Amino acid sequence: MSFATVVDVLSGKVAVGDEVTVRGWVRTRRDSKAGISFINVHDGSCFDPIQAVVPNTLNNYDNEVLKLTTGCSVAITGTVSESAGKGQSFELQATAVKVFGFVEDPDTYPMSPKPHSMEYLREFAHLRARTNVTGAVMRVRNCLAQALHRFFHEHGYLWVATPIITASDAEGAGELFRVSTLDLMNLPKTDQNEIDFSKDFFGKESYLTVSGQLNVETYACALSKVYTFGPTFRAENSNTSRHLAEFWMVEPEVAFASLDDIAYLAEDMLKYAIRAVLEERADDMAFFQQRIDKEVINRLEHVANNKFVHMDYTDAVEILQNCGKKFEYPVSWGTDLQSEHERYLAEVHVGAPVVLKNYPKGIKAFYMRQNDDGKTVAAMDILAPGIGEIIGGSAREERLDVFDARLAEMGLPVEEYSWYRDLRRYGTVPHAGFGLGFERLVSYVTGMTNIRDVIPFPRAPKSADF
RNA sequence: UCCCCAGUAGCUCAGUUGGUUAGAGCGGUGGACUGUUAAUCCAUGUGUCGUAGGUUCGAAUCCUACCUGGGGAGCCA
């Protein structure tokens, strides 16, 4: 007797007639007066549960098998057979059922086999993993993460672990979470009656990172092709379906690369990851297509098989101004595009992800490379229909004189950027990179509309349970 | 943080000219039937009506504040 996963049996990896033991959790039980019970067991290895056919001749049939309810954990031993019923290719003719744990009171078990709202499931983040929707999301999420690592590995990129804790508040990408071991009830003070951070753990103020970019640039300017893939923290009071306080970000950074180089890199990367999901997680995607978003597979296939549309910010402004649609906010060159504008471009004008490039420098970050026109910077956003900005990137300003002038122009303290400036002082090279919001990608690929449902334990304002 | 909406049984929801004992479906439980598939049929229990105040003879229903959730906006990935 050997152990097998549900996917091993359903995919035909185990020969008909072989005896195996499958372990997992009961999804449903149906009893037949023909003297058998049907028990569907899932173990996370694939979307479908396996059906075990349990005869009433088992010695624990009456006192245990008939008491199995949704959520009970079991090991079922049986011979693999081709199914006599519809709905599955193979099933298990049970010869033994071992119960690891019953659900102590089925009436209070929050996960019934009937549909629940996503809001309700979120209140049970520890148990929603057993639902088919969360299981499917997590398998697709894993598939995407593995595919992204594989993509970079195959293209000669090194995965660099940038720090989670940073003492630099100069990253300029939003509100920071403070990291401190000081006693909040008894803060050490300086002579000026200010908090004495020299007494803190790191001897200075420190925070959770809002981006690994600045750090990973140092490794790009040495190892040429690198990327980060890790958690990122933003203390913004953002209450939307596409923001998290703790999320994962993929940030490739490429020496000697131009803006167009990384725009095509982003396109290749997204197509690679999407194809991986379509090939490897067809079972889960069929579920999303059926229950979550009727268009999701068509949309992904379209993205995987068509070139991304590239568009200059300046041209986008012109398109929006001449499209005849009335927007709540007017479009004018030099201001950031509103959500309604981005949505129009991605959803109506293009109908697919669109790469917007070369934004006015006034609305972009200090490190972005100035274009020769003196008005724009080499920045790009990739906007996905339904999600909005999924990727933001840029060529980095590698010319020290231009960089310093930009810092001065924005009133930023040059001393805060000493190590970053060193990259420009010692053997500077043109380089570029972007950040992909990983959960936004998972949302887009699965069709799940709320980002809190594509991460195991979402952290958001007023929400850090589990 | 701003605007709009919602909060009633374990779940999904119905329930306003303010008026007795607040309803349905599903789930659970008991039974019938069945190689069943989110099975079907019969029976059955369930409520601080989000919280705290207020108006009123009387509030799930009207008013105020707060909490939580949803949609949208801003910030961004």
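The structure presented is a predicted model; accordingly, all values stated were derived computationally and were not measured. Numbers restart at 1 for each chain; the letters A, B, ... are given by sequence-line order, proteins then strands.
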Cationic tip of A:Arg459 above A:Phe233 ring, under 6.0 Å, 45° of axis
no
Between B:rG71, B:rU1, B:rG35, spot the one nearest the side chain of A:Asn239, thanks.
B:rU1
Span that lies between the P atom of B:rG53 and that of B:rU12, in whole angstrom
28 Å
For RNA chain B, determine which residues of residues 49-59 of chain A have any heavy atom closer than 4.0 angstrom to one of its atoms, and list them numerically.
A:Gln51, A:Val53
Using the P atom as the reference point in each nucleotide, state the distance between B:rU46 and B:rG10 in Å, no decimals.
11 Å
Sticking with atom P, work out how far B:rG7 lies from B:rU51, rounded to a whole angstrom.
13 Å
In whole angstrom, what separates A:Phe438's CZ from B:rA77's P?
17 Å
Say we look at B:rG50 and B:rU16: how far apart would their P atoms be, to the nearest angstrom?
15 Å
Which one, B:rG35, B:rG70, B:rA77, comes nearest to the side chain of A:Ile36?
B:rG35
Centres of the A:Tyr264 and A:His310 rings: under 6.0 Å?
yes
Check each residue of residues 116-137 of chain A for a non-hydrogen atom within less than 4.0 Å of any atom in RNA chain B, then write out the ones that pass by number, or none.
A:His116, A:Ser117, A:Glu119, A:Tyr120, A:Arg122
Using heavy atoms to find the nearest nucleotide of RNA chain B for A:Leu436 and A:Asp31 separately, return the residue whose nucleotide is more 5′.
A:Asp31
Between A:Glu217 and A:Tyr420, do the side chains contain a donor N or O and an acceptor N or O under 3.5 Å apart?
yes
Under 6.0 Å between ring centres: does that hold for A:Tyr344 and A:Phe327?
yes
Report the residue from A:Val454, A:Val277, A:Ile455 that forms a side-chain contact (heavy atoms from CB on, under 4.5 Å) with A:Val442.
A:Val454
Measure the acute angle between the ring planes of A:Phe403 and A:Tyr417, then classify it against the limits of 30° and 60° as parallel, tilted or perpendicular.
perpendicular
P-based separation of B:rG25 from B:rG45 [nearest Å]
13 Å
Is the gap between the ring centers of A:His149 and A:Tyr227 under 6.0 Å?
yes
Which residue is it: A:Arg122, A:Met118, A:Glu119? I am looking for the one with a side-chain contact (heavy atoms from CB on, under 4.5 Å) to A:Asn450.
A:Arg122
Considering only atom C1', compute the distance from B:rG19 to B:rG58 and round it to an integer number of Å.
7 Å
Taking B:rG71 as the reference, what is the distance to B:rC63 when you measure between their P atoms (whole Å, please)?
25 Å
Expected output is a numbered-order residue list: members of residues 62-74 of chain A with a heavy atom under 4.0 Å from any atom of RNA chain B. What is it?
A:Thr69
Between A:Phe438 and A:Phe229, is the gap from one ring center to the other below 6.0 Å?
yes
Suppose you measure atom C1' in B:rU21 against the same atom in B:rC49; what distance do you get, rounded to whole Å?
16 Å
Donor-acceptor pair, distance only, cut-off 3.5 Å: does the side chain of A:Arg440 make one with the backbone of A:Arg242?
yes
